[in-house]
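Written out below as structure tokens is the structure these notes cover.
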Amino acid sequence: MASKANKPELIVNGKRLDGRGFRELRPIKIEAGILKNADGSAYLEWGNNKVLAAVYGPVEAQPKHMADPTKAIIKCRYSMAPFSSLSEHGRSGPNRRAIEISKVTKEVFENVVMLNEFPGSQINIFIEILQSDGGTRAAGITAAAVALASAGLHMKDLVYAVSVGKIGKELVLDLDMIEDNYSDSDMPMAISPRNGGLLLLQMDGEYTKEELAEAIKIAAEAGKTISKVQKDALRSVYEKVEERYNGE
Amino acid sequence: MEAMDMIKTAYIRGLLAKGTREDGRAKGDFRSIKISAGILQNAEGSAQVDLGATRVLAGVKLDLGEPMEDTPNEGAVAMSADLLPLASADFEMGPPSPDAIELARVVDRGIRAGRCVNTESLFIEEGKVWNIYVDIYVLNYDGNLFDASEIAAMSALLNTKVPEYENGKVIREKRIKALKVDNMVTSVTCAKIDGGIVFDPTGNEETAAQARLTVATDGQYIRAMQKGLGGSFTQQEVLDVANGAFERHGMLKNAIESSM
Amino acid sequence: MKNMVFPGDMVSNAPIRNAYVYVEDGKSYAMTIGTYDAASGQFVPLEGNWTPRIEDTVIGIISSERNNVYEVDLNFHGRALIIGGKFEKFSFKVGDVVEATIKDIEDRRTIILVYPRLLSGGLILLVKPSKIPRVIGKDNTMVKQIADSTKSTIAVGRNGMVWLNGGDAGLAAAAIQRIENEAHVPGLTERIKNMVEKTEKR
């Protein structure tokens with residue numbers, strides 16, 4: 001959380017600063033399979049966030065002593081471009097925050113990818129935040145899930161992620177940058193839509209137990225929309241090719 | 001995949017011996033160029049360049065800074081490049097590779113020597129200037145990163161708007177004034193493969209190349225050059241490539257200008 | 001696209017046996033993107049990696065040689081070996097392209113190859129392994145059509161490597177890449193036939 005000095009009024013007349021309702025997502029757009037060299041890829045716009053995700057693998061694990069003879073290992077790199085934020089030029093390469101996000105993101109996918117199919121191998125997931133406006137880890141995970149699916153990797157589920165925060169006494173879905181900076185709580189979650197399992201859960205601020213339960217419900221409800229955007233992106237890769245032959 | 005590189009090399013050299021290239025281009029042809037300027041909103045300037053299957057994104061940020069001692073009335077331009085691991089199976093995670101550093105420095109030299117950015121226009125008040133950061137993000141690799149990056153950096157600079165500065169504060173949401181760009185530099189890169197020279201080499205052609213030469217020009221002067229890889233060029237070949245760079249400057253400049 | 005399923009989609013509320021489906025608590029779920037026809041139980045994956053099987057024909061490149069043991073690059077995350085014996089001496093060089101058959105797989109990632117055959121010259125295409133069956137076609141019809149029309153010699157590996165040599169190898173490569181991109185669109189055979197035959201008549 002940023003400093004509370006000069007905190008703007010985040011809710012005016014029951015609406016959020018960008019005009020959204022409390023449980024309203026920002027617009028989400030995904031395009032799958034956009035990078036030629038990668039085995040799987042996705043470009044995602046979520047509000048003003050712009051994110052690229054790519055998957056390479058399975059490849060031989062490097063260095064060799066890292067290889068697990070029983071299953072594949074996942075390596076994940078989440079990184080923010082130095083020009084991604086509206087504020088000053090950022091440092092190049094992952095910082096401590098990015099390294100933590102890379103770790104928890106990797107753990108999300110360790111849960112769903114069928115790692116035992118490729119013993120001794122490595123699967124690389126790269127997430128590049130080209131433009132950031134709050135909720136980039138959720139955006140990155142949502143994009144990476146599409147990239148993994150487009151790579152044809154076997155997975156138990158198509159995971160999505162979203163955050164639920166708290167402004168004053170209100171639980172609000174999908175915080176943008178300014179809300180993220182000044183809100184009272186934030187809780188990003190990655191969820192397996194098949195069974196509702198929580199694969200990523202982080203939180204800071206103040207939540208009652210009741211609010212925690214409610215926040216999870218809100219995220220699961222929003223997941224229906226996010227899952228649909230993910231699936232539509234994957235579907236349209238094949239439909240675009242099909243369309244070329246319509247009317248032939 | 002070194003064994004694969006041998007096959008690619010043999011294939012590319014075999015084709016060239018018959019006077020053809022893998023994508024059917026003539027030796028002097030460039031691939032199609034697509035420039036998308038201003039695709040990012042948080043950056044002060046941006047441009048994505050597709051040169052065939054090579055894709056490069058350049059982002060520009062302006063930060064408040066102090067001038068250098070020897071140029072108290074000028075701001076500075078800093079260029080860097082990242083060969084993102086998502087761009088190729090051969091690019092690795094970790095600190096910038098020598099290839100990335102070379103790429104950034106060659107692009108920087110052309111733009112700096114050509115005095116493209118009017119650095120005096122970056123002066124704000126005594127002791128305060130704008131410093132410009134250009135970051136080149138390689139998103140997909142299929143050869144000739146030098147020319148794609150030069151176009152991307154140049155386009156992003158032309159797309160850049162300077163934030164307002166009022167009462168000692170930077171207002172980034174307010175960007176009206178365009179960055180003053182005085183000159184336009186473009187580069188042309190060639191690969192030497194078994195004695196033949198091809199312009200705008202693909203990834204496979206770079207794998208097969210013995211030597212590489214980049215010439216950056218503003219149409220009047222040569223502004224930067226870089227020879228790469230283990231092989232060599234004859235004196236005549238260097239002059240021929242330099243000629244080629246001048247011949248193609250208008251076409252490249254046109255592509256940049258028409259994308260703005 | 002009809003009947004398209006995604007990882008985690010339930011395809012049956014009873015357990016079914018299928019390579020692209022997993023069963024949990026008695027229910028069956030898709031584990032990759034593909035099309036699933038409930039009536040016939042047929043699951044066609046749209047993407048996927050290669051899982052080596054005994055008797056698979058593969059194409060690879062010799063990447064090292066020591067004491068008559070050759071390591072072969074199959075663009076696979078494990079190792080593949082051709083092991084020469086007292087009476088079976090090979091003389092491959094690093095960089096040679098070979099076609100071979102899988103005899104054995106140890107620990108699911110060390111592949112033992114037999115019957116190696118040198119493929120001289122030509123080029124290698126990397127094709128998504130999930131599309132290789134379409135490149136081959138029913139009873140080899142697709143690859144034969146392309147080879148006959150383009151006069152190119154073609155060898156197809158289950159690992160996704162395809163070797164092409166001679167004739168109009170460029171057209172043959174373009175046809176194979178088209179199969180890779182359009183395998184899911186009905187009428188593929190006809191389109192490829194038109195593509196390679198038109199040029200043949202020219």
Side-chain angles (χ1 to χ4, degrees), chain A residues 32-33 37 39-40 55-62 67 69-73 112-114 116-123 145-146 148-160 192-195 197 227-228 230-246 248, chain C residues 1-10 19-25 27-35 44-52 63 73-80 105-110 126 128-131 160 178-188 190-191 194:
Chain A
N37 288 342
D39 294 315
V55 169
Y56 283 86
V59 294
E60 201 174 352
Q62 290 293 347
T70 65
K71 62 177 171 46
I73 57 170
V112 289
V113 178
M114 309 252 183
N116 55 358
E117 288 188 2
F118 305 107
S121 77
Q122 174 176 321
I123 294 160
V146 174
L148 282 161
S150 76
L153 286 164
H154 292 180
M155 296 192 284
K156 284 189 189 159
D157 210 352
L158 194 59
V159 176
Y160 68 88
S192 190
R194 183 176 57 99
N195 57 15
S227 288
K228 186 175 182 306
Q230 289 176 307
K231 291 179 178 181
D232 286 348
L234 288 164
R235 185 182 287 115
S236 85
V237 170
Y238 304 94
E239 286 182 346
K240 265 187 203 154
V241 181
E242 269 181 336
E243 273 165 22
R244 290 216 303 269
Y245 296 101
N246 282 349
E248 232 185 38
Chain C
M1 238 182 134
K2 265 191 203 159
N3 307 328
M4 189 160 171
V5 291
F6 303 88
D9 282 359
M10 205 209 295
Y20 306 103
V21 165
Y22 70 96
V23 177
E24 199 174 276
D25 298 331
K27 296 184 174 96
S28 304
Y29 302 89
M31 57 163 98
T32 187
I33 50 173
T35 54
V44 181
L46 284 161
E47 305 290 343
N49 293 283
W50 175 58
T51 307
S63 60
D73 188 338
L74 297 179
N75 196 26
F76 172 69
H77 59 266
R79 291 206 312 164
I105 303 157
E106 294 167 7
D107 305 331
R108 290 193 291 164
R109 58 193 176 114
T110 303
L126 293 179
K128 289 176 185 169
S130 57
K131 309 295 179 191
R178 191 159 172 191
I179 297 171
E180 187 181 21
N181 293 327
E182 302 176 6
H184 64 286
V185 186
L188 180 72
E190 200 59 23
R191 282 199 302 284
N194 287 339

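Just so we're on the same page: letters track the sequence lines, and every chain starts at 1. Excluded from the calculations below are hydrogen atoms, water molecules and symmetry mates; all remaining heavy atoms, backbone and side chain alike, are included.
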Closest heavy-atom contact between [X] and [Y]?
| X | Y | value |
| --- | --- | --- |
| C/Phe6 | A/Arg235 | CE1-NH2, 3.5 Å |
| A/Leu153 | C/Thr32 | O-OG1, 4.3 Å |
| C/Arg108 | A/Glu117 | NH1-CA, 4.1 Å |
| A/Val59 | C/His77 | C-CB, 3.4 Å |
| A/Pro119 | C/Asp107 | CG-O, 4.2 Å |

Go through the structure and list residues passing side-chain contact (heavy atoms from CB on, under 4.5 Å) with C/Pro129, not counting sequence neighbours.
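Only C/Trp50 meet the side-chain contact (heavy atoms from CB on, under 4.5 Å) criterion with C/Pro129.
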Going by the rule side-chain contact (heavy atoms from CB on, under 4.5 Å), which residues pair with C/Thr35 if we only count those two or more places apart in sequence or in a different chain?
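So C/Thr35 forms a side-chain contact (heavy atoms from CB on, under 4.5 Å) with C/Met1, C/Val44.
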Is it the backbone or the side chain of [X] that comes under 4.5 Å from a heavy atom of chain C, or both, or neither?
| X | value |
| --- | --- |
| A/Ala151 | backbone |
| A/Ser227 | neither |
| A/Pro193 | neither |

Using a cut-off of under 4.5 Å on heavy-atom pairs, state which of A/Leu148, A/Val237, A/Thr70, A/Leu234 scores highest against chain C.
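The residue among A/Leu148, A/Val237, A/Thr70, A/Leu234 with the greatest pair count is A/Leu234.
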Sort out for me which of A/Arg194, A/Glu60, A/Gln122 touches chain C most, counting heavy-atom pairs under 4.5 Å.
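Option with the top pair count is A/Arg194.
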Do the non-hydrogen side-chain atoms of C/Arg109 and A/Ser121 ever get within less than 4.5 Å of each other?
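Contact flag for C/Arg109/A/Ser121 side chains = no.
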Answer with yes or no whether the side chains of C/Glu47 and A/Tyr238 bring together a donor and an acceptor at under 3.5 Å.
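Yes, because at least one side-chain N or O of A/Tyr238 sits under 3.5 Å from a partner of the opposite role on C/Glu47.
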Test salt bridge (Lys or Arg N to Asp or Glu O under 4.0 Å) applied to C/Asp9 and A/Lys231, step by step
CA-CA 11 Å; C/Asp9 282 359; A/Lys231 291 179 178 181; 2.8 Å; yes
Rounded to the nearest 0.5 Å, what's the gap from CG on C/Asn181 to NZ on A/Lys240? Could you check?
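Answer for the CG-NZ pair, C/Asn181 versus A/Lys240, is 13.0 Å.
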Rounded to the nearest 0.5 Å, what separates atom NZ in A/Lys156 from atom OH in C/Tyr29?
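Taking NZ in A/Lys156 and OH in C/Tyr29, the distance rounds to 11.0 Å.
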So what's closer than 4.5 Å to chain A heavy atoms on C/Tyr20: side chain, backbone, both or neither?
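Just the side chain, heavy atoms under 4.5 Å.
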Where do A/Met114 and C/Met31 land on the side chain to side chain contact (heavy atoms under 4.5 Å, CB included) test, with the steps shown first?
CA-CA 9 Å; A/Met114 309 252 183; C/Met31 57 163 98; 3.7 Å; yes
